[in-house]
Structure formats: structure tokens, C-alpha cells
Asks: 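After the C-alpha cells below, expect a handful of questions from me.
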Amino acid sequence: MPGPDEDRDQRELRFRRLYQSYFRPVQAYAVNRLGPVDEVGDVVAEVFMTAWRRLADIPPPPGDRFWLYGTARRVISRRHRSASRLTNLHRRLAADQRQKEQSRTWAQDPAHERLLAAVAQLKPADREALLLVHWEQLTYAEAAETLGCSVNAIGIRVHK
């Protein structure tokens with residue numbers, strides 16, 4: 001029966017072979033998806049870090065290459081989603097800032113005060129959809145992308 005040192009040695013040997021065999025293909029996969037950007041190195045590192053942690057789950061060749069590609073695809077997707085969330089957050093913060101600036105200007109008119117009070121009473125999701133479409137002049141599709149919901153949901157929220 002192999003001891004713990006032998007198991008660890010076998011594990012390290014398998015990972016080393018995997019890394020040596022597939023570093024360049026995984027790197028090329030990432031470059032093809034991201035372009036030659038700084039993120040490629042981080043993506044490849046995350047793929048092989050995941051491979052090390054889940055070494056027992058990796059099938060034998062040739063399935064190991066496909067497993068690594070699938071892992072790279074998921075890593076890249078997570079990065080795209082994170083970047084999209086950050087962009088949406090920046091948009092919402094900018095919209096909130098513009099709304100505050102408009103509110104200060106409008107607050108001097110009683111009709112505007114009533115409008116702002118009515119908008120403030122809306123549910124947050126309805127209010128955000130309304131502001132994006134009518135004040136920020138986004139299309140329903142753009143507002144849906146910003147809020148991460150369907151175009152139909154934006155239509156319903158604005159209609160309310």
C-alpha cells in the first residue's frame with residue numbers, strides 16, 4: 001500500500017505533467033478569448049490552481065485537455081461577469097449622482113418636489129427602471145442590460 005509521501009509524489013508528478021503538456025494550449029485558448037491582455041496570465045494561473053485543487057476530478061488523457069479548456073471557459077466567463085457588474089455599478093453610481101444634482105436644481109419648484117416625492121415612493125427596481133429609461137434616455141434593452149434583467153421586466157417596471 002502506498003504511503004502518504006508516495007501519494008503526494010504521484011499527485012505532484014501528475015500535475016507537473018499536466019502543466020508541462022497543457023500550459024501553452026491553455027494560454028493560447030485564453031489569448032484567443034481575451035486577446036493579448038494582462039488578464040491572460042491570471043486566467044491561466046487560476047485554471048492550473050483549480051486543476052491542482054481538483055486533480056482527482058481530472059479525467060485521463062485526452063479528456064484532461066478538454067477539462068482544462070472547460071475550466072478556462074468558466075474562469076473567463078466569471079471575469080466577464082465581474083467586469084460587467086463593475087460597469088453596471090459605475091453606471092448606477094453616475095445615474096445616482098446625476099439624479100442628486102437634478103434633484104437639487106429641481107427641488108426649488110413645487111411641481112418638481114411632488115414628482116421627486118412620487119418617484120421616491122416607487123419600489124427600488126421600478127424606480128431604477130423608470131429613471132434609466134426616462135431620465136437617462138436608455139432604451140429598454142440598454143436598461144435591461146444595466147439592471148441584469150429581461151427587456152420585458154423593464155417594460156413592466158416602467159409601465160407600473
Side-chain angles (χ1 to χ4, degrees), residues 1-102 122-158 160:
M1 178 188 258
D5 288 339
E6 288 180 59
D7 287 342
R8 188 181 69 225
D9 291 344
Q10 288 298 321
R11 183 176 161 82
E12 288 177 11
L13 181 62
R14 179 165 187 230
F15 179 78
R16 195 171 295 125
R17 286 182 183 152
L18 193 70
Y19 184 85
Q20 289 170 348
S21 298
Y22 297 116
F23 174 82
R24 294 257 184 246
V26 169
Q27 184 182 42
Y29 180 92
V31 167
N32 288 336
R33 289 346 178 250
L34 297 171
V37 296
D38 296 335
E39 289 186 57
V40 170
D42 292 341
V43 167
V44 173
E46 191 171 340
V47 167
F48 282 102
M49 183 177 65
T50 302
W52 173 253
R53 282 195 326 261
R54 298 191 52 208
L55 198 58
D57 298 335
I58 301 174
D64 53 356
R65 179 170 53 124
F66 308 128
W67 188 94
L68 291 169
Y69 285 162
T71 301
R73 183 182 58 77
R74 286 185 291 281
V75 167
I76 291 167
S77 290
R78 276 194 307 272
R79 286 178 174 269
H80 284 307
R81 281 192 305 274
S82 293
S84 178
R85 279 192 222 98
L86 183 61
T87 300
N88 290 340
L89 175 63
H90 287 158
R91 285 181 185 161
R92 284 194 303 267
L93 290 173
D96 287 348
Q97 184 62 33
R98 283 191 297 274
Q99 179 184 356
K100 287 177 185 174
E101 290 169 5
Q102 289 173 348
L122 296 172
K123 292 180 184 175
D126 296 341
R127 179 176 51 244
E128 187 64 22
L130 181 71
L131 293 175
L132 287 173
V133 170
H134 291 290
W135 283 11
E136 302 302 325
Q137 300 297 307
L138 297 183
T139 65
Y140 280 27
E142 291 167 338
E145 183 178 336
T146 301
L147 296 178
C149 63
S150 70
V151 174
N152 189 38
I154 292 294
I156 293 169
R157 291 174 185 175
V158 169
K160 286 181 184 179

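Note that the structure is a prediction, hence the values are computed from the model and not measured.
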Asks: Quick one: side chain to side chain contact (heavy atoms under 4.5 Å, CB included) partners of Glu39, sequence neighbours excluded?
Replies: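 With neighbours one apart ignored, the set is Leu34, Val37, Arg79.
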Asks: Just by modelled atom types, is the Pro61 backbone N or O under 3.5 Å from a matching donor or acceptor in the Arg65 side chain?
Replies: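 Judged by distance alone, no pair lies under 3.5 Å.
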Asks: If only atom types and distance count, is the side chain of Arg33 paired as donor or acceptor with the main-chain N or O of Ile76 below 3.5 Å?
Replies: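 Side chain of Arg33 to backbone of Ile76: no pair is present.
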Asks: Search all heavy atoms of Arg74 against all heavy atoms of Trp67 and return the closest pair with its distance.
Replies: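 Closest pair (atom of Arg74, atom of Trp67, distance): NH2-O, 4.5 Å.
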Asks: Out of curiosity, Asp9 CG to Leu13 CG, how far, rounded to the nearest 0.5 Å?
Replies: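 CG of Leu13 is found 8.5 Å from CG of Asp9.
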Asks: Can you name the nearest heavy-atom pair linking Val47 to Val75, along with the distance?
Replies: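 Scanning both residues completely, I find the closest heavy atoms to be CG2-CG2, 4.2 Å.
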Asks: Please round to the nearest 0.5 Å and tell me the distance separating atom CD of Glu128 and atom CG of Leu147.
Replies: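 If I round to the nearest 0.5 Å, the distance is 5.5 Å.
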Asks: Would you compute the distance between atom CZ of Arg92 and atom CG of Leu132 and round it to the nearest 0.5 angstrom?
Replies: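 Here the rounded value is 9.0 Å.
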Asks: Do the non-hydrogen side-chain atoms of Val133 and Arg157 ever get within less than 4.5 Å of each other?
Replies: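 Of all side-chain heavy-atom pairs linking Arg157 with Val133, none is under 4.5 Å.
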Asks: Rounded to the nearest 0.5 Å, how far apart are OH of Tyr29 and OH of Tyr69?
Replies: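 Between atom OH of Tyr29 and atom OH of Tyr69 there are 9.0 Å.
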Asks: Whether the side chain of Thr146 engages the backbone of Glu142 through a donor-acceptor N/O pair (distance < 3.5 Å, no angle test) should be reported.
Replies: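 Checked: pair present.
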Asks: Could you grab the distance from atom CZ of Arg73 to atom CG of Leu68, nearest 0.5 Å is fine?
Replies: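 With rounding to 0.5 Å, CZ (Arg73) is 13.0 Å from CG (Leu68).
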Asks: What are the two closest heavy atoms between Val44 and Ala30, and how far apart are they?
Replies: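 Between these two residues, the closest heavy atoms are CG2-CB, 4.4 Å.
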Asks: Could you grab the distance from atom CZ of Arg14 to atom CD of Glu12, nearest 0.5 Å is fine?
Replies: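 Reported value, rounded in 0.5 Å steps: 14.0 Å.
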Asks: With a 4.5 Å cut-off on side-chain heavy atoms, are Val158 and Tyr140 touching?
Replies: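 Of all side-chain heavy-atom pairs linking Val158 with Tyr140, at least one is under 4.5 Å.
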Asks: Holding to ring-ring contact (aromatic ring centres under 6.0 Å, His included), I want the full list of residues that pass it with Phe15, two or more places apart in sequence or in another chain.
Replies: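 ring-ring contact (aromatic ring centres under 6.0 Å, His included) list for Phe15, sorted by chain: Trp52.
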Asks: Partners of Arg24 by side chain to side chain contact (heavy atoms under 4.5 Å, CB included), sequence neighbours excluded?
Replies: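 Arg24: side chain to side chain contact (heavy atoms under 4.5 Å, CB included) contacts with Gln27.
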Asks: Given Ser84, which partner from the list Asn88, Thr87, Leu86 fulfils the side-chain contact (heavy atoms from CB on, under 4.5 Å) test?
Replies: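 Considering Asn88, Thr87, Leu86, a side-chain contact (heavy atoms from CB on, under 4.5 Å) with Ser84 is found only for Asn88.
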Asks: For Val151 and Ala141, work out which heavy atoms get closest and say how close.
Replies: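 Here Val151 and Ala141 meet closest at CG2-CA, 3.8 Å.
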Asks: More than 12 foreign heavy atoms under 6.0 Å from CZ of Arg78: is that the case here?
Replies: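 Above 12, so yes.
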